[in-house]
Amino acid sequence: MAGSPTARRRRLSIELKKLREQSTLTCAQVGAALDWSGSKVNRMETGSGRVQPSDIDALCRFYATSEELREFLKSLARQAKMRGWWQVHGSGVPEWFNIYIGLEQEASAFRQYQCEVVPGLMQTHAYASELHKTGAHMSAEDIARAVQVRMERQALLNGPDAPEAWFIVNEGALRNVIGDRALMRDQIERILDTGRLPSVTIQVLPFDSGTYPATGSFTMLGFPAPEDPDIVYRDGITDAVYLEGEHHVREYTRAFDGLRAAALSPQRSAQLIETILKEYAQ
């Protein structure tokens with residue numbers, strides 16, 4: 001299974017929970033049968049605790065799984081312990097965002113609405129640096145690390161297996177001057193370049209779009225394996241929320257579809273972005 005340790009850990013949790021539910025047992029009952037606590041079983045199923053290959057052996061014997069499934073789960077457990085490339089940057093990337101990057105690396109579909117700033121996957125180095133300097137109590141070294149991670153993440157859109165990425169950006173994010181007008185000119189050019197990638201679609205939600213179904217920025221990630229449900233991601237200043245229940249995914253999908261309908265078409269969006277670029281060039 002190619003991809004990130006985070007995605008492997010999530011897949012392992014999903015598979016362990018599925019096995020228990022098929023047995024119609026509770027976490028407490030499984031734990032009692034294996035001389036574990038029920039909370040240990042729960043942590044393994046939610047991805048909040050490390051899972052050892054020996055734990056997989058014990059669970060697979062208990063659930064009477066096939067040898068093939070046991071080896072697959074043990075492989076996931078071993079690989080989930082690996083460090084992702086982004087984790088070498090240490091404190092420049094908060095733990096709650098480490099989780100998101102790991103999931104992003106595995107996604108096959110990417111839908112994002114940004115109402116305040118340019119999406120991170122198309123930010124220039126200068127634009128990202130300005131954002132990290134504003135209101136952040138970070139050292140210059142940590143800011144440099146955070147920006148470097150953002151730049152490396154952008155390779156995701158250029159690879160042979162690039163996810164289908166659909167961005168909806170509020171017009172205000174394009175007109176809000178971060179840094180200075182020269183910086184914004186370069187940033188708008190980067191957006192146009194990104195929009196030309198074969199896997200990328202960009203729409204602009206104009207000022208005169210009227211009402212629309214959203215109250216803040218959000219991202220939806222889809223994954224290639226049908227066993228891995230979609231995730232909705234929303235972040236704040238100090239933490240993030242990950243939503244993957246059917247109700248959450250359905251409602252955010254409905255909101256994104258509403259935003260797509262309210263936004264300009266990709267062609268008209270490109271025309272507006274080019275108009276804004278000319279304004280910054282004056």
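Model, not experiment: these values are computed from the prediction.
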When hydrophobic residues are tied together by side-chain contacts of less than 4.5 Å, even through go-betweens, does [X] share a cluster with [Y]?
X: Val249; Y: Leu221; answer: no
X: Ile202; Y: Ile276; answer: yes
X: Ile273; Y: Ile168; answer: no
X: Met44; Y: Leu12; answer: yes
X: Val200; Y: Leu259; answer: no

Practice prompt. Kindly say whether Gln123 contributes a backbone atom to a donor-acceptor pair with the side chain of Gln154 at under 3.5 angstrom?
Written response: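 Answer holds: yes.
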
Discussion item. Which residues pass the side-chain contact (heavy atoms from CB on, under 4.5 Å) test with His125, not counting sequence neighbours?
Written reply: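 In terms of side-chain contact (heavy atoms from CB on, under 4.5 Å), with neighbours along the sequence ignored, His125 is linked to Ser129, Val147, Met151.
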
Worksheet item: Excluding sequence neighbours, so at least two apart, what forms side-chain contact (heavy atoms from CB on, under 4.5 Å) with Val177?
Response: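 With sequence neighbours excluded, Val177 shows a side-chain contact (heavy atoms from CB on, under 4.5 Å) to Met184, Tyr280, given in chain and number order.
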
Heavy-atom check, side chain of [X] versus side chain of [Y], under 4.5 Å:
X: Phe223; Y: Leu103; value: yes
X: Leu174; Y: Leu272; value: no
X: Arg260; Y: Tyr212; value: no
X: Phe62; Y: Leu25; value: yes

Spacing of [atom1] belonging to [X] relative to [atom2] belonging to [Y], to within rounding of 0.5 Å:
X: Leu121; Y: Leu157; atom1: CG; atom2: CG; result: 5.0 Å
X: Leu19; Y: Leu59; atom1: CG; atom2: CG; result: 8.0 Å
X: Leu243; Y: Glu251; atom1: CG; atom2: CD; result: 12.0 Å
X: Thr24; Y: Arg20; atom1: OG1; atom2: CZ; result: 10.0 Å
X: Gln187; Y: Leu192; atom1: CD; atom2: CG; result: 10.5 Å
X: Ile188; Y: Met122; atom1: CD1; atom2: CE; result: 10.5 Å

My understanding is that only residues two or more places apart in sequence, or in another chain, count here; which of them pass side chain to side chain donor-acceptor pair (under 3.5 Å) with [X]?
X: Glu21; answer: none
X: Glu274; answer: none
X: Glu15; answer: Arg11
X: Thr46; answer: Ser48

Item to complete: Taking the six-membered ring for Trp and the single ring otherwise, decide whether the centroids of Phe218 and Tyr233 are under 6.0 Å apart.
Response: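 Not under 6.0 Å, so no.
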
Worksheet entry | Step-by-step side-chain contact (heavy atoms from CB on, under 4.5 Å) determination, Tyr127 to Leu183 | CA-CA 7 Å; Tyr127 185 97; Leu183 187 156; 3.9 Å; yes

Discussion item. Take a 6.0 Å sphere around CD of Glu68 and say whether it holds more than 12 heavy atoms from other residues, nucleotides or ligands.
Written reply: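 No, not enclosed.
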
Quick one: side chains of residues 109-118, donor-acceptor pairs under 3.5 Å with protein atoms, not counting sequence neighbours, listed by atom name and distance.
unit_1: Gln112; atom_1: NE2; unit_2: Thr219; atom_2: OG1; d: 2.9
unit_1: Tyr113; atom_1: OH; unit_2: Asn170; atom_2: ND2; d: 3.4
unit_1: Gln114; atom_1: OE1; unit_2: Ser217; atom_2: OG; d: 3.1

Filter on salt bridge (Lys or Arg N to Asp or Glu O under 4.0 Å), then keep only pairs touching [range], sequence neighbours left out; what's left?
range: residues 210-220; value: none
range: residues 174-184; value: Glu171-Arg175, Arg175-Glu279
range: residues 55-66; value: Lys40-Asp55, Asp57-Arg70, Asp57-Lys74

Practice prompt. Applying side chain to side chain donor-acceptor pair (under 3.5 Å), run through Gln271 and Gln267 and close with a yes or a no.
Written response: CA-CA 6 Å; Gln271 292 171 0; Gln267 294 75 21; over 6 Å; no

Worksheet entry | Which residues share a salt bridge (Lys or Arg N to Asp or Glu O under 4.0 Å) with Arg190, sequence neighbours left out |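 For Arg190, no residue satisfies salt bridge (Lys or Arg N to Asp or Glu O under 4.0 Å) once neighbours in sequence are set aside.
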
Worksheet item: Arg150 and Ala128: which non-hydrogen atoms are nearest, and at how many Å?
Response: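 Minimum heavy-atom contact is CD-CB, 4.0 Å.
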
Item to complete: Output every pair passing side chain to side chain donor-acceptor pair (under 3.5 Å) with a member in residues 196-211, not counting sequence neighbours, ordered by first then second residue.
Response: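 Checked against side chain to side chain donor-acceptor pair (under 3.5 Å) - neighbours excluded - the pairs reaching residues 196-211 are Trp166-Gln203, Asp193-Arg196.
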
